[in-house]
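Just below is one structure, and these are the notes that go with it.
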4 protein chains.
Amino acid sequence: MANHFGNRYHIQIFGQSHAPSIGAVIEGLPAGFSPDWERVRQFMARRAPGQDAFSTSRKEADLPEILSGLDEKGRTCGAPLAIRIVNGDHHSTDYDKLRDLPRPGHADFTAYTKFNGFHDIRGGGQFSGRLTAPLCFAGALALQLLEQKGIRVSAHIAAIAGVCDKPFNPISPEFTELRDDRFTVLDANKGSEMKQKISEAAKAGDSVGGIIECCAIGLPPGLGDPMFDGIENRIAQMLFAIPAVRGVEFGAGFAASAMTGSAHNDPFVIDNNTVKTSTNHHGGVLGGITTGMPLIVRMAVKPTPSISRKQKTISLNQMCEADLSITGRHDPCIVPRAVPVMEAAIACVLYDLLA
Amino acid sequence: MANHFGNRYHIQIFGQSHAPSIGAVIEGLPAGFSPDWERVRQFMARRAPGQDAFSTSRKEADLPEILSGLDEKGRTCGAPLAIRIVNGDHHSTDYDKLRDLPRPGHADFTAYTKFNGFHDIRGGGQFSGRLTAPLCFAGALALQLLEQKGIRVSAHIAAIAGVCDKPFNPISPEFTELRDDRFTVLDANKGSEMKQKISEAAKAGDSVGGIIECCAIGLPPGLGDPMFDGIENRIAQMLFAIPAVRGVEFGAGFAASAMTGSAHNDPFVIDNNTVKTSTNHHGGVLGGITTGMPLIVRMAVKPTPSISRKQKTISLNQMCEADLSITGRHDPCIVPRAVPVMEAAIACVLYDLLA
Amino acid sequence: MANHFGNRYHIQIFGQSHAPSIGAVIEGLPAGFSPDWERVRQFMARRAPGQDAFSTSRKEADLPEILSGLDEKGRTCGAPLAIRIVNGDHHSTDYDKLRDLPRPGHADFTAYTKFNGFHDIRGGGQFSGRLTAPLCFAGALALQLLEQKGIRVSAHIAAIAGVCDKPFNPISPEFTELRDDRFTVLDANKGSEMKQKISEAAKAGDSVGGIIECCAIGLPPGLGDPMFDGIENRIAQMLFAIPAVRGVEFGAGFAASAMTGSAHNDPFVIDNNTVKTSTNHHGGVLGGITTGMPLIVRMAVKPTPSISRKQKTISLNQMCEADLSITGRHDPCIVPRAVPVMEAAIACVLYDLLA
Amino acid sequence: MANHFGNRYHIQIFGQSHAPSIGAVIEGLPAGFSPDWERVRQFMARRAPGQDAFSTSRKEADLPEILSGLDEKGRTCGAPLAIRIVNGDHHSTDYDKLRDLPRPGHADFTAYTKFNGFHDIRGGGQFSGRLTAPLCFAGALALQLLEQKGIRVSAHIAAIAGVCDKPFNPISPEFTELRDDRFTVLDANKGSEMKQKISEAAKAGDSVGGIIECCAIGLPPGLGDPMFDGIENRIAQMLFAIPAVRGVEFGAGFAASAMTGSAHNDPFVIDNNTVKTSTNHHGGVLGGITTGMPLIVRMAVKPTPSISRKQKTISLNQMCEADLSITGRHDPCIVPRAVPVMEAAIACVLYDLLA
């Protein structure tokens, strides 16, 4: 089973790119909660396409329609909150051709195999990045509920095409600079370089990938469980639900593999009568459980597999090799739009632990 | 809930480092299966400590005692298979002191917070790496069952202290060189360098980390589910249960973030009437579902937090800073012993999908 | 978590009686399945109200709108199938009064307590019997899929107000007489007596309850699991999701408590080279696992709590006793409409085991 | 998956009647809890066989051995508590004969089918009533934890062989008379009649069944969830894990089916500034959620299928009919020993909701 997640904040996602709708059903919202819908809309707009040169021109309103879960005054009532987002703006295509020629780097072939050829090929079907819109909705609500508990979650583009933003200060992450635009970086100059790389890739009919770094502050110590249900286990399970994610790391992450214990261990200190660590290579988690230090997570995003350059693939019908030219609208880099998706995903996991 | 995992191959792990026993209960074994116990023992011996200069001298027999799950002829019978491993060889210690001074990089502080000071501090309690022994048992059985389906899983040390082994050939991984010893590398010269680094760290009262790469071959295409239940989601959730793991990546992983789409996309080809890819940056998974190409996973292991050098920590009782000297037996590098653990962990996930 | 059920046929239900919509998201349908929508509609019509003297006059079209899960040719595609049923035909009411005076026998008071007064009081909110409509939709699909495997599920009114229909022949249940109308009995004379009882209750401003008996034939032996996951465990968990159900029994059920072992034990016999039993007190299940004999389940349905007679209750605002007169449309007996609901519920459980 | 249950109080049970051990692993115990082991032992003794004329003479010490989960001072430490009970006192038997001739009313045939003949036939294998011993252990701890919250759970024999004890007073159940002996009834005269019935059945080489009624008091209102996760759903799923249970009902249960709404509805009243009901036909649950009134549950227990009278069955090897004479020790009525099992089962469910 694939499309539901969570124990206490339980998300069921549905839809395909060209189905009548996509949407979500959320269980676990506290009764009596009046979401700030304008902030939900703003949050979702950060993910929405079609607004600048760096993303696909597909128009999405992405204004979710509430199907259930509110009372007559617009407050949550303890019933599951269900939403749908109507899929407009489809482009009819020769689906039989798409079904025959699996796109490299896409789920076309694996979906074909798993579903015996009956997968929905239109626009990537259920594997479309569009399915992250209802996840963002669920995350937008979780973010508001976390904020009520003094917890904030924020992400930035850590790298695109090898150009690296400065990392978060792991002791005291810089949140204020963020959230202002649709290309979230800490160092604006690096942001310009990244945009340059994206433009170059787009011109070359190619695409680029990147890394997103996310931080949560205000978490109480003691959150998470040992072994299979630690903070890392849950977050990693969640993040790999985002299309194109290829790696997840916490704190020093892969770099820890080249450090010595004396350099990597974070000394405990007393700060204002609270236990803290003077460095934060552990990324806020020890033994699967929060320490109270900022939670630091990074995820690697592969370059968009849909590129306009001609590629080699095969014909499933004829079992022979074939050339493929992908047309249509595709982001040359999905990293900027994946920034709020990562925030939403992590917010859902954290609220699941706190609901 | 923390100590159980899996849907169809369900593992419940129990124990603390100095409890009477550690063990596991396994549901989902096919009835009528006669495990090759000698191979189970050999597999578990690869993880066991105390056998060479590169691991702690704690003696573990680690021969599991079967509590239930077999019939009178030693075959599985459809009932849960339960085992225990008796914890002998304890060293009595001043637990009150340990309870007061949390070790940097360990779960002492988070366990203290989560369990209100009632955590079992002896030998790391339930956070001890010793808990990977029952996981190895479950994995040893899964490996035999996978082998019956033509699937093999193997891992090697990809890096220690920055010294890198050559990677698996992602199209046709080298399995034959592996499994021979307790320090599994593809390039013996690199292995010698790594051992040198470990020795240096040990002499300096320090420790080093590393990376382990694991591969599974023979997987059918179409395994795994979209979104939250893909191969990556499940494997990542599982691997972060192994103590000291800080990152998980698939295929090109974090390196994909600096590649272009045209370089990263793996062209589909026909090979012997089968769909394959001519490169394997995708690591055998697209859209959470296997392609049939070798599954490639890497995990980052932090340097052992227990080092003999004096470190700075705090006294929880007095809420003041304090010095800490850790005595006792500790691996200066746990990476070599974590190689079979990673194989076991991945075997459990894969068999869960195939049981 | 309350509104989702199943492992391999996973149902997420949402909605409140007066929310914009009610609906369901279903995971686990095989890809390439073309449901017979007319039969779905007919099945759901058996539950729908407003069609005769024995049910509420509320008009429901109950034609579900497909939100996702089908491809361009109307076949399932491996993605979750989501539907909604628009809630029209609301009657505006003085909700504040309803919120103050909990109806005896209803969930008003418990919802008030659980959700701190923020429950949706309109039409019973999420506790409304209307939520069984999406369950019937999920069941209608499951019934078609079970039929493909040679399995049929059918129920009849076993009793209303103490008037008992003849029971199913437990060896060879009578299916053909059923499904013809909206008042499903085996003995038409008993059906007339029951209708008489309902009419009398309605005239008296009162209501009556009953018992429904359901049977599944064609099940293979060996289905179900021991202990917590047997056929009975799963079916019972499911059936108590239907509002007003107060008891569930299998085979001889409560009557078995007064039998001797020699009378209750069903002798095994060979019939046409197949193992059967010559009687069926066990109701098709031994040790939680099917024997291949007809599965026999009965559930007790309490009398509709909404009655027009004046009743005693309390004012939650003033914490004093109060009189309550319930107006509006209410079935004097919900048993007839619950017959297809029971079939749907059991079909969902059975298909969950077979998907 | 069959042998684990619960979300926050998670029980994994293992073992077969003649395996080396049976046991349990429990997650969700609060850290720092020091169980009263003598009370655990006394509770388990109520289920243990071999102590009077009304149960099998098999000797069981049933003193569980703690494998893990306690610290050096005997307190829970947040790690799973694992126990085993060693199976001594086996009687070697001709297992091949047992494997050939399935006992009527037992799981022999269904286990044979499900596990392809590899089931453990010795003493009923994993289907043995002996597996309720670790459930009683888990329940004994849950009962102590519930008691700390002011909640008490108690059961009595409601009927044996048609002889009925007086029922609990549903408003104010009589707890004090109970728990004193191994044949728990409210009306001692009725108890004598029941014992007479058991003796007669035993003499006739036969067996009898019965009904057990259980009550929980002190529950807060608002416990449980709507639809699939209500109090009834969970308790019913749990109770059908007890061998021989054929029906479960709440409050008025099946009798509600013959009542009118005006008689069945329980008027709300104010009592000592608390909302109560003046009658308790609802058995303490409305809409799946507790009202705060006593929770009333009954379960039907079939007559012991193992009887010494000759019975008709079949030979699975020869696929022909055969006679069967069961030898060995069997309770002519398991109802008395199932009383603490029902208490334990319900305590586990309730504590799962409150942990």
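The figures here come from the full heavy-atom set of this structure, side chains too, leaving out hydrogens, waters and symmetry mates. By convention in this document, chain letters (A, B, ...) are assigned in the order of the sequence lines, proteins followed by strands, and residues within each chain are numbered from 1.
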Handout entry: A/Ile13 versus chain B, the contacting section by heavy-atom distance below 4.5 Å
Key = side chain
Practice task
Name the option with the most non-hydrogen atom pairs under 4.5 Å to chain B; the candidates are A/Ala252, A/Ala204, A/Pro102.
Solution key: A/Pro102
Problem - A/Leu223 CG to B/Lys114 NZ distance, which is reported to the nearest 0.5 Å - result: 7.0 Å
Fill in the blank from the handout: To the nearest 0.5 Å, atom CD1 of A/Ile270 lies from atom OG1 of B/Thr313 at 8.5 Å
Practice task
Evaluate the side chain to side chain contact (heavy atoms under 4.5 Å, CB included) criterion for residues A/Asp229 and B/Gln237: first the C-alpha distance (whole Å), next the side-chain angles of each, then the deciding distance (0.1 Å), finally the verdict.
Solution key: CA-CA 8 Å; A/Asp229 240 2; B/Gln237 188 196 356; 4.2 Å; yes
Completion exercise
Max heavy-atom pairs within cutoff under 4.5 Å with chain B, candidates A/Pro303, A/Ala300, A/Gly124, goes to A/Pro303
Practice task
Would you give the length of the straight line joining atom CE of B/Met227 to atom CG of A/Leu135, rounded to the nearest 0.5 angstrom?
Solution key: 8.0 Å
Problem - Heavy-atom closest contact (A/Pro104 atom, B/Asp266 atom, distance) - result: CB-O, 3.6 Å
Practice task
Under 4.5 Å, counting heavy-atom pairs only, tell me which of A/Pro220, A/Ala263, A/Ala161, A/Gly222 racks up the most with chain B.
Solution key: A/Gly222
Exercise for the section: Could you look at A/Ala201 and say if it's the side chain, the backbone, both or neither that has a heavy atom under 4.5 Å from chain B? Expected result: neither
Completion exercise
Most contact-rich option vs chain A, by heavy-atom pairs under 4.5 angstrom, among B/Ala236, B/Gly253, B/Gly251, is B/Gly253
Problem - Atom group of B/Asp108 that falls short of 4.5 Å from chain A, counting heavy atoms - result: neither
Problem - CD-CZ distance between B/Glu249 and A/Phe254, expressed to the nearest 0.5 angstrom - result: 3.5 Å
Practice task
Could you tell me which portion of A/Leu316 (side chain, backbone, both or neither) has an atom closer than 4.5 angstrom to a non-hydrogen atom of chain B?
Solution key: side chain
Problem - chain B contact via A/Val301 - side chain, backbone, both or neither, heavy atoms under 4.5 Å - result: backbone
Handout entry: Winner by heavy-atom pair count (cut-off under 4.5 Å) against chain A, out of B/Gly230, B/Ala111, B/Ser257, B/Gly205
Key = B/Ser257
Handout entry: Residue selection (most heavy-atom pairs with chain A, distance under 4.5 Å) from B/Lys312, B/His106, B/Glu232
Key = B/Glu232
Exercise for the section: Please examine the side chains of A/Phe127 and B/Ile289, heavy atoms only from C-beta on, and report whether any two atoms are closer than 4.5 Å. Expected result: yes
Exercise for the section: May I ask you to decide if the ring planes of A/Phe240 and B/Phe250 are parallel, tilted or perpendicular, using 30° and 60° as cut-offs? Expected result: perpendicular
Exercise for the section: To the nearest 0.5 Å, tell me how far A/Arg246 CZ sits from B/Met259 CE. Expected result: 11.0 Å
Handout entry: Contact check, side chains of A/Thr110 and B/Thr291, non-hydrogen atoms, under 4.5 Å
Key = yes
Handout entry: Per-residue contact mode, B/Ile242 against chain A (heavy atom under 4.5 angstrom)
Key = neither
Practice task
Using a cut-off of under 4.5 Å on heavy-atom pairs, state which of A/Thr113, A/Val248, A/Val208 scores highest against chain B.
Solution key: A/Val248
Handout entry: Options B/Ala255, B/Gly224, B/Ser278, ranked by heavy-atom pairs under 4.5 Å with chain A, top entry
Key = B/Gly224
Problem - Selection from A/Ser207, A/Ser306, A/Ala244, A/Gly162 maximising heavy-atom pairs under 4.5 Å formed with chain B - result: A/Ser207
Handout entry: chain B contact via A/Pro221 - which portion, at a heavy-atom distance below 4.5 Å
Key = both
Practice task
Could you pull out the closest heavy-atom pair between A/Gly287 and B/Ala107, with the gap in Å?
Solution key: CA-CB, 3.9 Å
Handout entry: B/Ser262 backbone acceptor or donor facing A/Gln311 side chain under 3.5 Å
Key = no
Practice task
Might you point out which heavy atoms bring A/Ala2 and B/Pro226 nearest each other, and give the distance in Å?
Solution key: CB-O, 2.8 Å
Practice task
Examine whether an atom of A/Thr277 lies under 4.5 Å from a heavy atom of chain B, and if so say whether it belongs to the side chain, the backbone or both; otherwise answer neither.
Solution key: neither
Handout entry: Heavy atoms from other residues, nucleotides or ligands near OH of B/Tyr112 exceed 12 (cutoff 6.0 Å)
Key = no
Problem - Among B/Ile307, B/Thr304, B/Asp206, side-chain contact (heavy atoms from CB on, under 4.5 Å) partner for A/Thr260 - result: B/Asp206
Handout entry: Per-residue contact mode, B/Thr290 against chain A (heavy atom under 4.5 angstrom)
Key = backbone
Completion exercise
One should read off an interatomic distance between B/Arg103 CZ and A/Phe268 CZ, to the nearest 0.5 angstrom, of 10.0 Å
Problem - Side chain proximity check, B/Val275 to A/Met319, heavy atoms < 4.5 angstrom - result: yes
Completion exercise
Highest number of heavy-atom pairs under 4.5 Å with chain B among A/Ala258, A/Ala322, A/Cys320, A/Ala241 belongs to A/Ala241
